[in-house]
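Remarks on the structure that follows.
Both backbone and side-chain heavy atoms feed into the values below; hydrogens, waters and symmetry mates do not.
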Amino acid sequence: MLKTFDDYAPGLAPNGKMAETAGAPLKPSGKDKDALLTCLISGGDERLECDAATGLNMYGYGPSPRPQDLAFGSSTASTISAPAFAAVGAYYADLLREMETRAATDIYAREIARMRTKLLHLLGLDQGSGPSRVDAVMATSGTDIHLFAAELLARQDDRTLMTITLMGNETGSGVMTAAAGRHFMSRVSSNRPVAKGEELSPGHATRNTTVAVRNPDGTLRSEEEIELELRGLIELARAAELRCLLVVTDVSKTSLLAPGLETVFRLKARFGAMLDIMIDACQFRVSGATIRAYLAHDFLVAVTGSKFLAGPIFSGALLCPPRMSDRLKQRPLSPAFADYCAKADWPEGWVARDALPDHANFGLLLRWKAALLELERFVGMPEQKVISVLNTFAEAVGERLKHDSAFELLDSRPIDRKSLWGDSHAPRWDEIPSIFSFYLRNPHQDGILTATEMAAVYKNLAVEQNGLTPVRLGQPVRCADFGDMPASALRICLSAPLIVRACESADALDELISQAMTVLDRTADMAAQLASQPSMARTSGVQA
């Protein structure tokens with residue numbers, strides 16, 4: 001039997017947490033696969049923990065492939081594919097053999113640097129060197145990236161930072177807390193318990209405010225209204241001599257690019273150096289060309305490997321354009337960040353490395369390995385094929401959701417990046433939506449299902465019942481409040497692996513569409529089944 005990483009880099013407990021006592025041995029079940037699975041869920045916070053009975057985390061996902069699932073939920077999370085799992089397993093075994101003769105920390109530093117280089121290469125960002133080089137900070141999740149950005153930009157010029165984010169129902173549940181420079185979970189990557197909501201850097205007093213993109217009834221606010229609100233917030237910050245970080249989401253949980261880029265560029269022109277921009281592209285539903293264009297405008301860009309790329313949760317990276325790198329690489333980190341990341345996770349030459357331990361996070365390494373395998377396959381597809389698959393899927397699913405009385409589409413808008421590209425650019429795959437959000441209508445009375453009922457539909461579909469394979473949709477997103485009754489939208493999504501498979505042949509594309517229709521059939525049937533139950537009927541029928 002192969003040894004485990006804990007034999008070389010002690011600290012992992014059998015449940016994937018860091019051990020209470022350094023050097024506590026890992027005791028897997030006796031199978032190499034068990035040790036690999038344990039490693040895949042190590043090196044993060046409690047969101048990675050899997051229930052002992054089900055083997056699934058709080059999102060309903062685990063570290064093993066589930067090829068039988070109808071997997072259309074990549075806007076929430078993904079399960080590692082069978083090919084990626086096989087490749088990661090071979091990689092894992094190679095690393096273990098090397099650790100017989102070489103220090104784990106040295107191997108990790110080399111390998112995470114290779115992951116960084118590979119990511120930049122696949123995005124077309126590896127052409128620069130020296131002052132024109134893009135840097136990438138590796139992180140255990142997208143939420144961690146928001147925490148890093150807040151720390152790096154806090155107290156510049158001795159001015160307090162104010163971050164402006166979208167409401168958490170359109171981004172991540174911990175983003176608003178992290179963007180304020182505070183612990184967003186109760187346990188950090190080192191397994192040390194922390195007080196959720198407590199500042200990592202006491203005295204930096206990072207402030208956070210949010211902007212809603214929807215009205216209470218779920219319809220979209222006008223871009224003019226949002227821009228007016230943002231301008232007012234930033235004016236107040238300037239009057240108070242604060243710096244601002246505006247987080248632009250491209251795209252959100254419900255496929256919104258918000259605030260709009262015309263608004264963003266007008267705000268940047270108005271407020272200049274006191275306003276920094278970070279693009280939250282953590283869904284990774286953007287092309288390398290789009291990322292390069294954002295970086296060319298000196299915007300930070302946050303990406304993760306666990307949504308569209310369908311790598312195992314969690315992995316993230318903060319991409320820093322050259323001029324931002326020049327500013328940020330001189331910024332120290334609070335000692336508290338030693339619980340969140342390792343020295344090797346940060347690029348060479350960054351002062352932040354000085355506060356960080358020289359340790360190895362092989363869980364993060366393996367998760368990025370899987371995600372980059374999927375990214376490499378995806379970017380190898382001809383763009384016209386990808387566009388054809390996306391257009392065909394969008395037309396089929398859009399028409400079904402629009403005309404089937406079981407569904408009601410959530411208000412949305414096209415993805416508009418003309419301000420980034422200009423009007424005369426060739427079609428790009430990332431302008432076509434790959435997330436479709438919808439309410440479910442109650443077939444027994446007028447109105448849509450409540451948020452509680454939508455959650456029940458989601459959970460029931462995700463488990464095998466009566467011999468039917470599990471259906472994985474995007475978790476319900478709280479989008480509206482009708483009176484005192486909240487309403488949520490489910491999401492059916494495409495991932496990079498699904499697109500790659502559909503690009504292989506016309507039959508494969510037909511199979512993808514057929515599976516999507518099956519998912520919607522099953523969803524409508526489950527809604528009707530639950531709505532007919534007496535306990536549900538008493539609360540059904542929220543008026544849209």
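Taking a 6.0 Å sphere around CD of E262, one finds it holds 12 or fewer heavy atoms contributed by other residues, nucleotides or ligands.
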>> Would T165 and T171 count as a side-chain contact (heavy atoms from CB on, under 4.5 Å) here? Give the steps.
In response: CA-CA 9 Å; T165 61; T171 55; 5.8 Å; no
> For L233 and V211, what are the C-alpha separation, side-chain angles and deciding distance, and is it a side-chain contact (heavy atoms from CB on, under 4.5 Å)?
Replying inline: CA-CA 10 Å; L233 288 170; V211 173; 3.9 Å; yes
>> If you apply the rule side-chain contact (heavy atoms from CB on, under 4.5 Å), what do you find for L333 with V351, and how did you get there?
In response: CA-CA 8 Å; L333 286 183; V351 172; over 6 Å; no
>> Run the side-chain contact (heavy atoms from CB on, under 4.5 Å) test on D416 and L261 for me, step by step, so that the C-alpha distance in whole Å, both residues' side-chain angles and the decisive distance to 0.1 Å come before the verdict.
In response: CA-CA 8 Å; D416 182 2; L261 293 183; over 6 Å; no
> Can you list the steps and then say if F378 with W429 is a ring pair (Phe, Tyr, Trp, His ring centres under 6.0 Å)?
Replying inline: CA-CA 12 Å; F378 180 74; W429 70 262; 5.0 Å; yes
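Paired with S75 under the rule side-chain contact (heavy atoms from CB on, under 4.5 Å), one option of T254, V251, I435 passes, and it is I435.
Pairing each heavy atom of P476 with each of S488, the nearest pair is CB-CB, 3.7 Å. Of all heavy-atom pairs spanning A342 and L356, the tightest one is O-CD1, 3.7 Å. Nearest approach of A71 to L498, heavy atoms of both residues: O-CD1, 3.3 Å. A179 approaches N208 most closely through the heavy-atom pair CB-ND2, 3.8 Å. The shortest heavy-atom contact between T140 and L364 is CA-CD1, 4.0 Å. Heavy atoms only, all atoms of each residue included: L119 and A317 are closest at CD2-CB, 3.7 Å.
Using a 4.0 Å cut-off between a side-chain N of Lys or Arg and a carboxylate O of Asp or Glu, E235 and R270 qualify as a salt bridge. Residues D430 and R428 are not paired through a salt bridge, judged by the lack of any N-O separation under 4.0 Å between the basic side chain and the carboxylate. A salt bridge links R214 to E170: one of the charged nitrogens lies within less than 4.0 Å of a carboxylate oxygen.
Classification of the F407-F438 ring pair by plane angle, with boundaries at 30° and 60°, yields perpendicular. Ring geometry, Y340 versus H183: the interplanar angle falls under 30°, so the pair is classed parallel (tilted spans 30 to 60°). Ring orientation note: the planes of F436 and F393 are tilted relative to one another, at an angle of 30° to 60°.
Using a 4.5 Å heavy-atom cutoff, the side chains of D135 and L120 are not in contact. At a threshold of 4.5 Å between non-hydrogen side-chain atoms, the residues W368 and K118 do not count as touching. T263 has its side chain out of reach of I226: every pair of non-hydrogen atoms, C-beta onward, lies at least 4.5 Å apart. Inter-residue side-chain proximity for I448 and R441 is flagged as met; some heavy-atom pair is nearer than 4.5 Å. Residues T249 and L256 have side chains not in contact (no heavy-atom distance under 4.5 Å, counting atoms from C-beta outward). You'll find the side chain of K402 reaches within 4.5 Å of the side chain of L409, heavy atoms only. Residues R221 and V213 are not in side-chain contact: their nearest non-hydrogen atoms beyond the backbone lie 4.5 Å or more apart. Taking the side chain as every heavy atom from C-beta outward, P321 and L300 approach each other to under 4.5 Å.
Formation of a donor-acceptor pair under 3.5 Å by the S74 side chain with backbone atoms of L494 is found in this model. The main-chain N or O of K343 is found under 3.5 Å from a side-chain atom of R353 such that the two form a donor-acceptor pair. A distance-only check finds no donor-acceptor pair linking the side chain of D276 to the backbone of M278 [under 3.5 Å]. Of the possible donor and acceptor atoms, one in the side chain of N169 sits under 3.5 Å from a partner among the backbone N and O of R478. For the pair N57 (side chain) and G60 (backbone), a donor-acceptor distance under 3.5 Å is present. With hydrogens and angles ignored, the 3.5 Å screen pairs no side-chain donor or acceptor of K196 with any backbone N or O of M185. Panel note: side chain R116, backbone A136; a donor-acceptor pair is recorded below 3.5 Å. In terms of modelled atom types and a separation under 3.5 Å, the side chain of R331 and the main chain of L153 share no donor-acceptor contact.
If you check the side chains of R491 and S255, you find no donor sitting under 3.5 Å from an acceptor. For the 3.5 Å distance criterion, the side chains of S334 and E151 fail to qualify, holding no donor opposite an acceptor. Side chains of N391 and S388: no donor on one and acceptor on the other come within 3.5 Å. Side-chain contact annotation: R47 with S141, donor-acceptor N/O pair under 3.5 Å present. For the residue pair R207/T163, the side-chain donor-acceptor check at 3.5 Å is not satisfied.
Listed by first and then second residue, the salt bridge (charged side-chain N to carboxylate O under 4.0 Å, His left out) pairs that reach into residues 280-291 come to none, sequence neighbours excluded. Counting only residues at least two apart or on different chains, the salt bridge (charged side-chain N to carboxylate O under 4.0 Å, His left out) pairs with a member in residues 377-386 are E374-R377. Counting only residues at least two apart or in different chains, side chain to side chain donor-acceptor pair (under 3.5 Å) contacts with residues 299-315 are absent.
Remark: I277 CD1 to L246 CG distance equals 4.5 Å, nearest 0.5 Å.
Contacts of R182 classified as side chain to side chain contact (heavy atoms under 4.5 Å, CB included), with partners at least two apart in sequence or in another chain: T177, A180, E199. Legend: residues meeting salt bridge (charged side-chain N to carboxylate O under 4.0 Å, His left out) with E241, ordered by chain and number and at least two apart, are absent. A search for ring pair (Phe, Tyr, Trp, His ring centres under 6.0 Å) contacts involving H121 returns nothing, not counting sequence neighbours.
Aromatic rings from F148 and W350 are positioned such that their centres are separated by 6.0 Å or more.
Judged by the 6.0 Å and 45° rule, R417 forms no cation-pi pair with Y294.
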